[in-house]
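Quick caveat, the model's predicted, so the values are computed rather than measured. Along the sequence shown, the residues carry numbers beginning at 1. Ligands are counted one by one from 1 in listed order, and the atoms in each one are counted from 1 as well.
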Amino acid sequence: MSTQRYGYGTMLLHWVHAILVLGLIAWGLYMSELPKGPERSFAIGVHKSFGIVALAVVILRLLWRRSHPAPADLRLSEVEHKLATAGHHLLYMLLVLTPLAGYLSASFTQYPMRFFGIVLPKPGWPDERFNAFFNGAHVFLAWSLTAMITVHLAAVVLHAIRKKPVMGRMLPGRTPID
Ligand code: HEM
Ligand code: HEM
């Protein structure tokens, strides 16, 4: 056998995180089109709460990964392996920085940082310039993340076309992959 599956814990974290992040991107697009008013405030509140969950999940994922490294895929060439590793590192970086910038952006407003109704501490104070800076960073990072996820999906499809499918590595099953 030249490749193995990721562990079940890693799979669970990957799919929960993927749904969360794709949902946050779609919700972020929807809410940014809403006119100012209670509906927009509510939508932003929901986005902030789930965004904080996404930040907690990526931290958990990175801690988990320290003791559960990615299984080697011996079908890949050295260059392919290096590209995949670099791509995953970049993804992880954006997955940390995007919610962090969102959290900082929301910290420099007059509004309390609510997490599903619970008021959390925030490291900022009402300041328009800081708010605008971190908001700009958050939007830029969110779009970079969307681009990287597109590359990620393209890589999965490309591997399938080239008859070295990687999808099975991230899905549970009993039969060997390859
Ligand atoms: C919904 C479509 C998605 C599919 C089909 C998919 C599929 C996969 C597959 C097959 C792998 C294993 C790659 C390998 O062979 O090493 C993987 C790894 C990974 N995926 Fe996804 N993914 C999806 C969405 C996402 C999203 C939205 C994110 C961001 C939250 C994400 C983040 C990652 C990361 C960081 C890894 C590297 C795991 C590690 O080695 O620690 N994926 N994905
Ligand atoms: C992985 C996590 C996150 C993703 C993928 C994400 C994604 C997005 C997207 C796509 C937008 C719309 C960008 C646009 O206007 O074009 C947005 C806006 C925003 N996000 Fe996030 N976000 C995340 C986490 C967070 C967190 C943790 C917070 C704060 C606690 C947050 C606060 C905001 C705020 C305040 C806006 C701007 C709302 C507005 O004034 O239009 N986000 N986010």
Would you be so kind as to tabulate the donor-acceptor pairs closer than 3.5 Å made by side chains of residues 13-27, with sequence neighbours excluded?
unit_1, atom_1, unit_2, atom_2, d
Trp15, NE1, Met170, O, 2.8
His17, ND1, Arg61, NH1, 3.1
Trp27, NE1, Ala43, O, 2.9

Legend entry - Modelled atom types, side-chain donor and acceptor of Thr10 and Arg65, under 3.5 Å: no
Inset, instruction - Check whether any side-chain N or O of Thr98 sits under 3.5 Å from a backbone N or O of Leu95 as a donor-acceptor pair, and report yes or no. - result: no
Inset, instruction - Check ligand 1 against Ala70 and write out every atom of the ligand that is under 4.0 Å from a heavy-atom position of the residue. - result: 40 (O)
Legend entry - Under 3.5 Å: donor-acceptor pair, side chain of Arg5, backbone of Leu171: yes
Inset, instruction - For ligand 1, indicate whether the residue Trp64 contacts it via side chain, backbone, both or neither (heavy-atom separation under 4.0 Å). - result: neither
Legend entry - Co-members of the apolar cluster containing Val139 [side chain, <4.5 Å]: Leu29, Trp143
Legend entry - Residue pair Pro123 / Leu104, side-chain heavy-atom distance below 4.5 Å: yes
As a test of reading the model: which N/O atoms of the protein lie under 3.5 Å from N/O atoms of ligand 2, and at what distance?
unit_1, atom_1, unit_2, atom_2, d
ligand 2, 16 (O), Trp143, NE1, 3.3
ligand 2, 20 (N), His47, NE2, 2.9
ligand 2, 20 (N), His138, NE2, 2.8
ligand 2, 22 (N), His47, NE2, 2.8
ligand 2, 22 (N), His138, NE2, 2.9
ligand 2, 40 (O), Arg40, NH2, 3.1
ligand 2, 41 (O), Arg40, NH2, 2.8
ligand 2, 42 (N), His47, NE2, 2.9
ligand 2, 42 (N), His138, NE2, 2.9
ligand 2, 43 (N), His47, NE2, 2.8
ligand 2, 43 (N), His138, NE2, 2.8

Inset, instruction - With heavy atoms of Arg65 as the reference, note each atom of ligand 1 found under 4.0 Å away. - result: 39 (C), 40 (O), 41 (O)
Legend entry - Neighbour count >12 (heavy atoms, 6.0 Å) for atom OH, Tyr92: yes
Inset, instruction - Could you list which atoms of ligand 1 come closer than 4.0 Å to a heavy atom of Arg169? - result: 14 (C), 15 (O), 16 (O)
Legend entry - Element-labelled atoms of ligand 1 that are located less than 4.0 Å from some non-hydrogen atom of Leu153: 2 (C), 3 (C), 4 (C), 23 (C)
Inset, instruction - Using atom types as modelled and distance alone, determine if a side-chain donor or acceptor of Arg114 lies under 3.5 Å from a backbone N or O of Ser49. - result: no
Legend entry - Atom indices of ligand 1, in the order listed, that fall short of 4.0 Å to a heavy atom of Val166: 10 (C), 15 (O)
Legend entry - Heavy atoms from other residues, nucleotides or ligands near CZ of Phe116 exceed 12 (cutoff 6.0 Å): yes
Inset, instruction - Examine ligand 1 and decide if any of its atoms is less than 4.0 Å from a heavy atom belonging to His159. - result: no
Inset, instruction - With the side chain counted from C-beta on, respond yes when Phe130 and Trp125 share a heavy-atom pair under 4.5 Å apart, and no when they do not. - result: yes
Inset, instruction - Return the name of the atom in His152, of element N, O or S, nearest to atom 21 (Fe) of ligand 1. - result: NE2
Inset, instruction - Check whether any N or O atom of Asp73, backbone or side chain, sits under 3.5 Å from an N or O atom of ligand 1, and answer yes or no. - result: no
Inset, instruction - Taking only heavy atoms of Tyr92 into account, list the atoms of ligand 1 that are under 4.0 Å away from them. - result: 35 (C), 38 (C), 39 (C), 41 (O)
Inset, instruction - Mind checking salt bridge (Lys or Arg N to Asp or Glu O under 4.0 Å) for Lys122 and listing every partner two or more places apart, or none if nothing turns up? - result: none
